[in-house]
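Here the structure is a predicted model, which means the values were calculated and not measured. Order of appearance sets the numbers: ligands from 1, and atoms from 1 within every ligand.
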Amino acid sequence: LQAAFRNDLSSLLDLIGSGKESLIFMKKRIQRLSAQWLLAAQNLGQKLMSRWRDQKRILVHIGFLTEEAGDVFSPRVLKGGPLGEMVQWADILAALFMLGHSLKITVSLKELQSSLGVPPGRGNCPLTEPLSFDLVYTDYHGMQQMKKHMGLSFKKSRCLIRVVDTFGTEPAYNHEEYATMHGYNTNWGYWNLNPKQFMTMFPHTPDNSFMGFVSEELNMTEKQSVMMNKVSNMAVVYGKEASMWKGKEKFLAILNKHMEIHGTVYYESQRPPEVPPFVKNHGLLPQHELQQLLKKAKLFIGFGFPYEGPAPLEAIANGCIFLQPRFEPPHSSLNHEFFWGKPTSREVSSQHPYVEHFIGEPHVWTVDYNNSKQFEDAVKAIMRTKVEPYLPFEYTCEGMMERLNAYIQHQDFCTSLSSALLNTTEDVTTPFSLLVNGTYLIWPSHGSSPPSWPPKSSMQAWVSEAGQSCTETCREHGLICEPAFFGLINKRRVFEQLNIQCNSAEFEMNHLFPAFAENNKECFLQKVALLFSCAGYNSKYRRLCPCRDYHKGQVALCRDCL
Ligand code: UDP
């Protein structure tokens, strides 16, 4: 069946159900953004013209909202608990629906079982049939539940699952045997999925797929009016829970010398003691009221927590400048409690690395808060700086739908050989030319697994410096690491063509391979496709890195990827 763009979101609201605060929050958000979604669907429809798009039967099982997973979120919706996840799920539902797919949404184990076809009263009776869905979007909690209740059919349907995973899962933590052997300890990993099946909130590691969410988008007139009505001495503090303000008296006092400070901190009856009396606290605001506040404010200021939420993007989209602390040394699962047990070693260089690296000045200022003078100078400079509201395309409704559509139509984890051991003999088929380290080489392509998407034409390979990851190496060349291409360069022949001397060239299980050690001229190839990884570095190795081009403002897609 061909998928047709929808032109109305109201029947999605009926599909979502009711009762829980979290569902009410998501429905309100979808309603508030509906005009934006409709316009985006029209625009994307025109861009894709009459291109064929399969209509998929999609199960969306939001595991963290089920009672069985403890549903710690719903009761906290009105109290300033984490809303980022709900923002993202609301947007995923809206995007899938607007793209014209057929959705089934479940937020309890009972609903999950009935949509999987587990007969009533048969409890945990494991299914053996493959699913009657083409795709399943869920999270780690949901996947756990599916594994428990689906038995054999879970095995058969693993490749249909997409895991919405805020912070990302790196290959070294995903491969059960490797993670266990090498101490990649985690509370979440070990699933042996294709790493691209994990879909993140921001484009963290290119090993995963970037899902994202959307933010409010202003048209020209709205932008102008926002810029005219900015109050240059008005600041809003990022942090809706009182604990996020603890120990920040010094900064608040400096800020108070120059600006009027507003907060949206949840409180029950009295002002929380962490929020000083000179702060105008509005209490937790409904989303649209927060947007109004941000439209007036000049500065949105972070004190280090929460990490990587949606609010800074919303602030920048409403014309604020975001001021945030640099983390030196960076925070990660190795040194910070919040990241302990998360399946990634990613180093977080500031409160919000995406806005730091992808947006930057004049919209984003990342400074050392230990230096009070630097902090105060930044505040003063920001008050004098004029900026336009800005939203990267990938966080618009059209950008999110475009990306999700490309994934749905092109990503296929069922027929790829990703779980297989790699072929150690090299069969030569049709040659193609490939840019490696700046030179075109004629390349014999491997018969067994030529990736068809992204297209090979977008590829360039580069050799990293010692101690550099492929994520970094590709970024240095204005490209992004593309794990789908690792198979093409995981060959002895590549070392030869690059005139790299190899005294030995073994296939081994190591997430840093293919790579070579310069000192003893040892070369290494990757034995297990699941361990191909953009992340990861070691001072011993220079890595072979597959990179690709990307659209500015849509890093998930290469130029010919639509
Ligand atoms: N938010 C809100 N009212 C407030 C403060 C925040 O509705 O008073 C919303 C905000 O618009 C954003 C969401 O909460 O979309 C998540 O915000 P945050 O960046 O704090 O991320 P979290 O830590 O909740 O994931």
Side-chain angles (χ1 to χ4, degrees), residues 21-22 24-33 36 62 64-65 72-92 94 139 164-168 200-202 204 211-218 235-245 261-268 272 275 279-297 300-320 322-324 331 338-339 342 348 350-356 359 364 389 391 395-397 400:
E21 277 311 328
S22 46
I24 297 171
F25 177 90
M26 296 198 311
K27 283 163 107 169
K28 276 194 192 150
R29 177 173 172 83
I30 292 171
Q31 254 166 334
R32 186 170 65 82
L33 296 175
Q36 222 170 285
I62 311 179
F64 77 97
L65 293 182
V72 289
F73 279 61
S74 298
R76 291 175 65 199
V77 168
L78 299 176
K79 300 188 175 184
L83 298 177
E85 278 85 350
M86 263 165 281
V87 163
Q88 192 184 26
W89 277 106
D91 296 349
I92 293 170
D139 53 17
V164 176
D165 166 19
T166 307
F167 295 95
T200 56
M201 187 108 167
F202 291 94
H204 296 311
M211 166 67 84
F213 59 95
V214 306
S215 181
E216 191 178 16
E217 212 181 332
L218 307 185
V236 176
V237 174
Y238 183 18
K240 47 191 156 39
E241 274 181 345
S243 60
M244 298 165 181
W245 294 56
I261 308 174
H262 294 247
T264 63
V265 184
Y266 168 76
Y267 63 95
E268 239 139 55
V275 179
V279 172
K280 230 176 135 132
N281 187 25
H282 302 262
L284 187 73
L285 291 176
Q287 280 207 307
H288 69 275
E289 287 182 36
L290 176 67
Q291 309 286 319
Q292 294 311 316
L293 194 70
L294 293 173
K295 285 193 167 73
K296 285 200 338 212
F300 190 62
I301 179 168
F303 287 132
F305 195 82
Y307 297 106
E308 308 185 307
L313 273 180
E314 295 167 359
I316 297 162
N318 282 298
C320 298
F322 179 52
L323 176 61
Q324 62 161 352
H331 297 182
F338 177 85
F339 289 105
K342 295 203 164 51
V348 177
S350 61
Q351 183 169 5
H352 207 301
Y354 174 84
V355 301
E356 177 189 357
I359 300 182
V364 179
L391 182 64
Y395 283 96
T396 63
C397 293
M400 181 170 181

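In this structure, ligand 1 sits under 4.0 Å from heavy atoms belonging to P82, L83, G84, V87, Y238, K240, T264, L284, L285, Q287, L290, P306, G309, P310, A311, E314.
With hydrogens and angles ignored, the 3.5 Å screen pairs no side-chain donor or acceptor of H262 with any backbone N or O of L294.
The distance from the CD atom of Q291 to the CD atom of E314 is 5.0 Å, given to the nearest 0.5 Å. Between atom NE2 of residue H288 and atom CG of residue L33 there is a gap of 12.0 Å, rounded to the nearest 0.5 Å.
F167 and F339 have perpendicular rings, their planes meeting at more than 60° on a 0 to 90° scale where under 30° would count as parallel.
Of the N and O atoms on the side chains of S350 and E356, at least one donor lies less than 3.5 Å from an acceptor on the other residue.
Here F25 and F73 keep their ring centres 6.0 angstrom or further from each other.
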